[in-house]
Amino acid sequence: MADNSFSDGVPSDSVEAAKNASNAEKLTDQVMQNPQVLAALQERLDNVSHTPSSYIETLPKAVKRRINALKQLQVKCAHIEAKFYEEVHDLERKYAVLYQPLFDKGDMKNKVVIAEKETETAEEPNPRGIPEFWFTIFRNVDMLSELVQEYDEPILKHLQDIKVKFSDPGQPMSFVLEFHFEPNDYFTNSVLTKTYKMKSEPDKADPFSFEGPEIVDCDGCTIDWKKGKNVTVKTIKKKQKHKGRGTVRTITKQVPNESFFNFFNPLKASGDGESLDEDSEFTLASDFEIGHFFRERIVPRAVLYFTGEAIEDDDNFEEGEEGEEEELEGDEEGEDEDDAEINPKKEPSQPSECKQQ
């Protein structure tokens, strides 16, 4: 309840209001006399008044209708662009067939030794193929080595080849990564597969965000582990106390274990309209990135990732971009500029011998 007591015949709340008004006027005068504050206010007002949406709101209705008509044309362009990428996928499939004889001829991983001149002496070792070809690539590439645990390494030494297989004509856009293994003591599969499903169509809710095909989901396969060899789980012992009798017993149970081979048991994208939590979204995005990296970079340039040349190209490209910034600063400070190089791109593939989940 307001205090309506009087002071010299004037209500106290009126006196307080007069004081506030006087203080506000003084503050306004101080602000108006400060050129920096005035400039900042003016810039903010300019930004607000010149945003595209605010400008469009000022246009006549006839002009707004024309803008909407242009946006409808833009949506149609996005759908045509989606068809373009579908045909690109068909071309990738076509050229994968042309590439395949070269990959078969140069299958240097374990099966075939490329014809060489007889320059080696009898004393020189001449192992079959290139030992630990793919295992070395896994060690060289940071994105892959981060997934590999120490107990995965003996298994990956049996990896003979990785191939990419594109979806058949008329089928939904996708690609399959095939990991071919020689007989080993860990599982009975000769091929492990990972299928990446793709979409090349504008989002109905946001068609203008379309930038080409994107991976939308993936399926792994069942690994038929031999007894006691499953590295994707570990056995732990846990003590349990009986509430009534107070006796203690020890039980053992299996829990998930970090392993590269969890790659073949991926998180599924939510298909029921429910959104994934932030951690799951990150995991799924990382999985899609790795699948794309295998398809676009690792498989087509495998020998260069084995020798490390492709990795050097990647590093030099990144350093080159930073170097441009340093070069601009160097004009003032006399610093040296860095060099920049460019990097790799794509390949094909064949069948699957792994149970799809």
Are [X] and [Y] grouped together when hydrophobic residues (ILVMFWY) are joined by side-chain heavy atoms under 4.5 angstrom apart?
{"X": "I236", "Y": "Y151", "value": "no"}
{"X": "F282", "Y": "L284", "value": "no"}
{"X": "V233", "Y": "V231", "value": "no"}
{"X": "V216", "Y": "I290", "value": "no"}

Is any side-chain heavy atom of [X] less than 4.5 Å from a side-chain heavy atom of [Y]?
{"X": "V176", "Y": "Y196", "value": "no"}
{"X": "I223", "Y": "T232", "value": "no"}
{"X": "E289", "Y": "M143", "value": "yes"}
{"X": "W134", "Y": "F306", "value": "no"}
{"X": "F187", "Y": "I155", "value": "yes"}
{"X": "C218", "Y": "D287", "value": "yes"}
{"X": "L156", "Y": "V148", "value": "yes"}
{"X": "F263", "Y": "F294", "value": "yes"}

Q) Looking at S145 and R139, what are the two nearest heavy atoms and their distance? A) CB-O, 4.0 Å

Q: Write down the atom of H292, the atom of F175, and the distance for their closest heavy-atom approach.
A: N-CZ, 4.5 Å

Main-chain N/O of [Y] paired with [X] side-chain donor or acceptor, under 3.5 Å:
{"X": "D277", "Y": "S280", "answer": "yes"}
{"X": "S174", "Y": "K197", "answer": "no"}
{"X": "N140", "Y": "Y305", "answer": "yes"}
{"X": "D152", "Y": "F260", "answer": "yes"}
{"X": "D224", "Y": "T188", "answer": "no"}

Measure the spacing between [atom1] of [X] and [atom2] of [Y] and express it to the nearest 0.5 Å.
{"X": "K229", "Y": "Y186", "atom1": "NZ", "atom2": "OH", "value": "5.5 Å"}
{"X": "F179", "Y": "L192", "atom1": "CZ", "atom2": "CG", "value": "8.0 Å"}
{"X": "L159", "Y": "T136", "atom1": "CG", "atom2": "OG1", "value": "11.0 Å"}
{"X": "R297", "Y": "L304", "atom1": "CZ", "atom2": "CG", "value": "11.5 Å"}
{"X": "N184", "Y": "K226", "atom1": "CG", "atom2": "NZ", "value": "6.0 Å"}
{"X": "N189", "Y": "T222", "atom1": "CG", "atom2": "OG1", "value": "8.5 Å"}

Q. Using 30° and 60° as the class limits, which term best fits the ring planes of F181 and F261: parallel, tilted or perpendicular?
A.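 Rings of F181 and F261: tilted, as their planes differ by 30° to 60°.
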
Q) Can you find a side-chain donor-acceptor pair between H180 and Q160 that sits under 3.5 Å? A)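 Their side chains do not contain a donor-acceptor pair, so the 3.5 Å distance test is not met.
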
Q. With no hydrogens and no angle check, do the side chains of S259 and N257 hold a donor and an acceptor under 3.5 Å apart?
A.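 Absent: no donor and acceptor within the cut-off.
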
Q.
Taking salt bridge (charged side-chain N to carboxylate O under 4.0 Å, His left out) as the cut-off, I'd like each qualifying pair that reaches into residues 249-267, sequence neighbours left out, listed once.
A.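 Qualifying pairs: none.
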
Q: Kindly indicate, with the supporting measurements, whether the criterion side-chain contact (heavy atoms from CB on, under 4.5 Å) is fulfilled by F133 and D161.
A: CA-CA 9 Å; F133 180 84; D161 203 0; over 6 Å; no

**Q.** side-chain contact (heavy atoms from CB on, under 4.5 Å) between T193 and L177, intermediate numbers included
**A.** CA-CA 6 Å; T193 62; L177 298 178; over 6 Å; no

Q: Using a strict 4.0 Å threshold on nitrogen-to-oxygen distance, state whether D217 and K268 make a salt bridge.
A: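 A salt bridge is present here (some side-chain N lies under 4.0 Å from a carboxylate O).
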
(Q) Tell me whether K234 at atom NZ has more than 12 heavy atoms from other residues, nucleotides or ligands lying less than 6.0 Å away. (A)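 Counting other residues, nucleotides and ligands, NZ of K234 stays at 12 neighbours or fewer.
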
